[in-house]
Amino acid sequence: MIDLELLRKNPEIIEEEIKNRGMKIDVRADVRLDTERRSLIVRIDDIRAKKNEASKLIPKIAGTEKEKMINKMKSLNEDLSSLESQFEELDRRFFTNLAGYPNITHPSVPIGKDESGNITLYFVGNKPEFDFKVKNHVELGVGLDLIDEERASKISGARFVFLKNEVVLLQFALVQYVMNLLIGKGHIPLIPPVLVKERTMYGTGFFPAEATQYYKTELDDLFLIGTAEVPLCAFHSDETIDAARLPLKYAAYSTCFRREAGSYGKDMGGLFRVHQFDKIEMFIFASPGKSWQSYEYLRETLEEIVKGLGLHYRLMNMCTGDLGTPNAKKYDLEVWMPGQNTYREIASCSNDTEFQARRLNIKFKDGDKKGFVHTMNSTACAVGRTIMAIMENYQDQDGNIVIPDKLVHYMGGLKIISRKK
RNA sequence: GGAGAGGUGGCUGAGUGGUUGAAAGCGCUCGACUCGAAAUCGAGUAGUCAGACCAAAAUCUGUCUCGAGGGUUCAAAUCCCUCCCUCUCCGCCA
């Protein structure tokens, strides 16, 4: 949700934003709509005031006086209900339109039409070189008996997978490594509910726009979350947080579910695009003044995690055309995947400034100062995709997988996953 | 799955048709008393959306809000309907 004051006072800023994002919204028409609805509010409030005044008088008077007053009230009611229905119509239209407005992007966000406008900020680490023919993670996984897609498909359908043997331990190791790192930095660990109410999906802005992306339970009207961002963001909804507690940092581990509607045939096979995966998500509630500082902290932390695993990656600054509506800025972290011979997204880090907080009514209080907090989130570790990256980057000539140093401890000392005899 | 209870201000909790946005208590803020504190006394203490003023803040005026939505009525926290949510007991269960 955008700031109404901004729409009223500086509609040109919003128009510029919409243009940059390649969206089409008639801002001026909505400004007029707002003016109209406000003048109706004034007229309605005026009648209500008269009603309230009369209402206080009625019990004190009697006879014809009272009779007259009651009749006056009746006629006021007629005026009122017609104005009210006009208002409701305008109001509904206005806020429906407003729901489509994007957040205002940070000046550092590049302007561009689509993903081709995204800017590579930098590369970290070196692309690994192999003097043998590399395998992709599916070939490796099948060879080492680490993933089973066939049976998953038999019992659940396409885009599901069994993780098996050492790679199960690898998942636990990753979770331990990442959680410990985040707890050390003051993040509060959480395991959230993965089923949420419909209104939570609306509140966090995932509905109605992306409603077809998520699973719904048939008997209870609950939805499976696509990311822990949903319960994390809603965690403090309708709360006022003392500024002294900001920034409030969380880290949630959860399974995530996505229908992947509209991606038929895309990235089939393996761990990259599945209906169910596990993820650790970072989330921060920050005061507006420290927002961008906290956001860069998120990025640094994400990079620290990926660097710790020794993966080569590039950091992308997503352009206006490729940003989500709530995002003021977004970094994507793309890891080099030797088996795909390309960089693939394994993490995404965005600052939604006060866009979500406004919608979920999350405020801060700093003495006499009150306002909406800023919310931002970042993947800490998308477990499936990270496992995929480790498998492909740490393979050896014999199709074995070396365990990254940082994880050996959490693997009970196991240094390599090798072919079973 | 069966049976029941309930949703009122930061909290506890009154309030079954008319100066009730809401008693009382607690908490909190300010003031008095005190060398200081406690106790005591006094005052204040919800948010929303508009409007006036304004650079802005503050202030003032009005509106709406007693889980949500609808209905009855001149008038609803209070009566009626629908929905949502929370809790307790029994059953089942990791």
Side-chain angles (χ1 to χ4, degrees), chain A residues 1-10 13 30-99 191-204 207 216-223 231 234-245 254-255 287-289 354 357-373:
Chain A
M1 184 68 69
I2 59 148
D3 185 3
L4 279 182
E5 285 299 303
L6 187 70
L7 179 72
R8 286 165 192 166
K9 289 185 179 154
N10 303 93
I13 293 178
D30 288 329
V31 170
R32 283 194 297 275
L33 208 53
D34 178 50
T35 312
E36 269 183 75
R37 65 176 266 289
R38 279 193 290 164
S39 75
L40 272 176
I41 289 176
V42 172
R43 289 167 67 191
I44 288 171
D45 280 0
D46 190 50
I47 295 178
R48 282 177 176 162
K50 284 194 182 112
K51 271 187 69 180
N52 288 340
E53 211 178 314
S55 189
K56 280 177 188 169
L57 261 156
I58 287 173
K60 290 191 212 158
I61 54 182
T64 49
E65 278 287 301
K66 189 166 187 165
E67 206 72 13
K68 266 168 71 184
M69 200 50 106
I70 287 175
N71 286 330
K72 192 186 163 198
M73 285 282 273
K74 283 181 181 169
S75 74
L76 282 175
N77 277 342
E78 281 168 30
D79 300 346
L80 189 60
S81 64
S82 105
L83 283 179
E84 276 175 340
S85 56
Q86 276 180 58
F87 170 75
E88 272 161 36
E89 152 73 13
L90 277 183
D91 197 57
R92 211 197 64 245
R93 256 168 60 203
F94 178 67
F95 282 103
T96 306
N97 293 351
L98 213 64
I191 295 180
V194 296
L195 282 164
V196 298
K197 294 175 197 165
E198 187 166 17
R199 68 163 190 242
T200 307
M201 294 299 278
Y202 275 100
T204 45
F207 276 16
K216 181 185 184 184
T217 62
E218 192 176 344
L219 297 177
D220 298 288
D221 288 335
L222 290 170
F223 293 81
F235 193 70
H236 286 296
S237 54
D238 291 316
E239 290 182 22
T240 300
I241 304 168
D242 196 320
R245 293 175 66 204
S254 85
T255 301
S287 64
E354 58 177 46
R358 202 175 275 285
R359 197 152 176 168
L360 285 167
N361 191 29
I362 310 171
K363 294 179 174 164
F364 71 93
K365 204 175 93 184
D366 190 358
D368 289 337
K369 229 172 64 187
K370 271 187 172 180
F372 291 105
V373 299

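Since the model is a prediction, treat every value here as computed from it, not as a measurement. Every chain is numbered from 1 and lettered A, B, ... according to where its sequence line falls, protein lines coming before strand lines.
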K.L.:
Check side-chain contact (heavy atoms from CB on, under 4.5 Å) between A:Leu195 and all other residues, then give those that pass, not counting sequence neighbours.
P.N.:
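side-chain contact (heavy atoms from CB on, under 4.5 Å) check on A:Leu195 returns A:Thr217, A:Leu222, A:Leu224.
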
K.L.:
On RNA chain B, nearest-nucleotide positions of A:Pro59 versus A:Ala49: which is more 5'?
P.N.:
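Its nearest nucleotide lies further toward 5', so the answer is A:Pro59.
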
K.L.:
Compare all side-chain heavy atoms of A:Ile41 with those of A:Asp45 and state whether any distance is below 4.5 angstrom.
P.N.:
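When only atoms from C-beta onward are counted, A:Asp45 and A:Ile41 do touch, with a gap below 4.5 Å.
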
K.L.:
Taking atom P in both B:U20 and B:G13, what distance in whole Å separates the two?
P.N.:
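Straight-line distance between the two P atoms is 24 Å.
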
K.L.:
Using the P atom on both, measure B:U63 against B:G21 and round to a whole Å.
P.N.:
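Result for the P pair: 10 Å, nearest Å.
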
K.L.:
Indicate yes or no for a side-chain donor-acceptor contact from A:Ser82 to the backbone of A:Glu78 under 3.5 Å, with no hydrogens or angles considered.
P.N.:
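Absent.
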
K.L.:
Using the test salt bridge (charged side-chain N to carboxylate O under 4.0 Å, His left out), find all partners of A:Asp46 that sit at least two apart in sequence or belong to another chain.
P.N.:
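Salt bridge (charged side-chain N to carboxylate O under 4.0 Å, His left out) list for A:Asp46, sorted by chain: A:Lys50.
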
K.L.:
Give me, pair by pair, the N or O atoms of the protein and of nucleotides 49-51 of chain B that are less than 3.5 Å apart, along with how far apart they are.
P.N.:
residue	atom	partner	partner atom	Å
B:A50	OP1	A:Arg8	NH2	2.6
B:G51	OP1	A:Arg38	NH1	3.3

K.L.:
Is any side-chain heavy atom of A:Phe235 closer than 4.5 Å to one of A:Pro192?
P.N.:
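Contact flag for A:Pro192/A:Phe235 side chains = no.
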
K.L.:
My understanding is that only residues two or more places apart in sequence, or in another chain, count here; which of them pass side chain to side chain donor-acceptor pair (under 3.5 Å) with A:Asn97?
P.N.:
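A:Asn97 satisfies side chain to side chain donor-acceptor pair (under 3.5 Å) with A:Asp30 once adjacent residues are dropped.
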
K.L.:
Could you go through residues 236-243 of chain A and list every donor-acceptor pair under 3.5 Å that involves a side-chain atom there, pairing it with any protein atom two or more places apart or in another chain?
P.N.:
residue	atom	partner	partner atom	Å
A:His236	ND1	A:Glu239	OE1	2.7
A:His236	NE2	A:Tyr250	OH	2.6
A:Ser237	OG	A:Ala234	O	2.8
A:Asp238	OD1	A:Asn361	ND2	3.2
A:Asp242	OD1	A:Ala244	N	3.2

K.L.:
Ignoring backbone atoms, establish whether A:Asn52 has a side-chain N or O less than 4.0 Å from OP1 or OP2 of B:C64.
P.N.:
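Answer is yes, contact under 4.0 Å.
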
K.L.:
So which nucleotide from B:A56, B:U86, B:G62 ends up closest to the side chain of A:Lys197?
P.N.:
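My answer, after comparing the listed nucleotides, is B:U86.
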
K.L.:
May I ask you to say what A:Lys72 touches in the nucleic acid, namely base, sugar-phosphate or nothing, with a heavy-atom cut-off under 4.0 Å?
P.N.:
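A:Lys72: no heavy atom of the nucleic acid under 4.0 Å.
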
K.L.:
What's touching nucleotides 71-78 of chain B from the protein side, N or O pairs under 3.5 Å?
P.N.:
residue	atom	partner	partner atom	Å
B:C74	O3'	A:Asn77	ND2	3.2
B:A75	OP1	A:Asn77	ND2	3.2

K.L.:
With rounding to whole Å, what would you report as the distance between B:C85 and B:C26 at their C1' atoms?
P.N.:
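After rounding to an integer number of Å, I get 27 Å for this pair.
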
K.L.:
Report the residues that fulfil ring pair (Phe, Tyr, Trp, His ring centres under 6.0 Å) with A:Phe223, sequence neighbours left out, ordered by chain and then residue number.
P.N.:
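By the ring pair (Phe, Tyr, Trp, His ring centres under 6.0 Å) rule, A:Phe223 matches A:Phe207.
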
K.L.:
Please report the closest heavy-atom contact between A:Phe364 and A:Pro288, naming both atoms and the distance.
P.N.:
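A:Phe364 and A:Pro288 have their closest heavy atoms at CE2-CD, 3.4 Å.
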
K.L.:
Please compare A:Arg48 and A:Ala54 by the position of their nearest nucleotide in RNA chain B and report the one closer to 5'.
P.N.:
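Residue closer to the 5' terminus by nearest nucleotide: A:Ala54.
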
K.L.:
Let me check I have this right: for RNA chain B, each base becomes ., (, ), [, ] or |, based on Watson-Crick or G-U pairs with both distances under 3.5 Å. What is the full string?
P.N.:
((((((((.[[[..)..(.....]]]((((((.......))))))((.((((......)))).)).[[[[[..)....]]]]])))))))....

K.L.:
For nucleotides B:C89 and B:C30, find the distance between their P atoms and express it as a whole number of Å.
P.N.:
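The answer is 43 Å between these two P atoms.
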
K.L.:
Can you check the A:Ile47 CD1 to B:C64 P distance for me, whole Å?
P.N.:
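Whole-Å distance recorded here is 12 Å.
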
K.L.:
Is the backbone N or O of A:Val196 less than 3.5 Å from a side-chain atom of A:Thr200, with the two atoms forming a donor-acceptor pair by type?
P.N.:
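It does not hold such a pair.
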
K.L.:
Could you work out, with salt bridge (charged side-chain N to carboxylate O under 4.0 Å, His left out) as the rule, every residue matching A:Lys72, not counting sequence neighbours?
P.N.:
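Checked A:Lys72 against salt bridge (charged side-chain N to carboxylate O under 4.0 Å, His left out); zero matches.
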
K.L.:
Identify all pairs in which a protein N or O lies below 3.5 Å from an N or O of nucleotides 45-48 of chain B, and state each distance.
P.N.:
residue	atom	partner	partner atom	Å
B:G47	OP1	A:Lys370	NZ	3.4
B:U48	OP1	A:Lys363	NZ	3.1

K.L.:
Considering only the C1' atoms, how many Å lie between B:A58 and B:A32, rounded to the nearest integer?
P.N.:
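Approximately 27 Å lies between the C1' atom of B:A58 and that of B:A32.
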
K.L.:
Please give me the minimum heavy-atom distance between A:Val194 and A:Thr255, naming the atom from each residue.
P.N.:
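Scanning both residues, the minimum pair turns out to be CG1-O, 3.6 Å.
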
K.L.:
My understanding is that only residues two or more places apart in sequence, or in another chain, count here; which of them pass side chain to side chain donor-acceptor pair (under 3.5 Å) with A:Asp91?
P.N.:
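Partners of A:Asp91 by the side chain to side chain donor-acceptor pair (under 3.5 Å) criterion, ordered by chain and then number, come out as A:Arg37.
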
K.L.:
Take atom C1' in B:C64 and the same atom in B:A77, then report the distance between them in whole Å.
P.N.:
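About 14 Å, rounded to a whole number of Å.
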
K.L.:
In whole Å, I'd like the distance from the CG atom of A:Leu83 to the P atom of B:U63.
P.N.:
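About 16 Å, once rounded to whole Å.
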
K.L.:
Could you tell me whether the side chain of A:Leu98 reaches within less than 4.5 Å of the side chain of A:Phe94, counting heavy atoms only?
P.N.:
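They are in contact (side-chain heavy atoms under 4.5 Å apart), so the answer is yes.
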
K.L.:
Kindly indicate whether the side chain of A:Arg8, heavy atoms from C-beta on, has any atom under 4.5 Å from the side chain of A:Val31.
P.N.:
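No, side chains not in contact.
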
K.L.:
Please give, in whole Å, the distance from B:G69 P to A:Glu84 CD?
P.N.:
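Rounding to the nearest Å, CD of A:Glu84 and P of B:G69 are 13 Å apart.
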
K.L.:
Can you tell me how far C1' in B:G36 sits from the matching atom in B:U19, rounded to whole Å?
P.N.:
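To the nearest whole Å, 46 Å.
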
K.L.:
State, to 0.1 Å, how close A:Ile61 and A:Met69 come at their nearest heavy-atom pair, and which atoms those are.
P.N.:
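Answer, listing the atom of A:Ile61 first, then A:Met69: CD1-CB, 4.1 Å.
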
K.L.:
Using the C1' atoms only, state how far B:C35 lies from B:U29, rounded to an integer number of Å.
P.N.:
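Per the computed distance, 24 Å lies between those C1' atoms.
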
K.L.:
Which protein N or O atoms sit under 3.5 Å from an N or O of nucleotides 9-12 of chain B?
P.N.:
none

K.L.:
What is the separation between atom CG on A:Asp46 and atom P on B:U63, rounded to the nearest whole Å?
P.N.:
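Those two atoms, CG and P, are 10 Å apart.
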
K.L.:
Heavy-atom distance under 4.5 Å between the side chains of A:Leu33 and A:Phe95, does that happen here?
P.N.:
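Heavy-atom side-chain distance check fails, nothing below 4.5 Å.
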
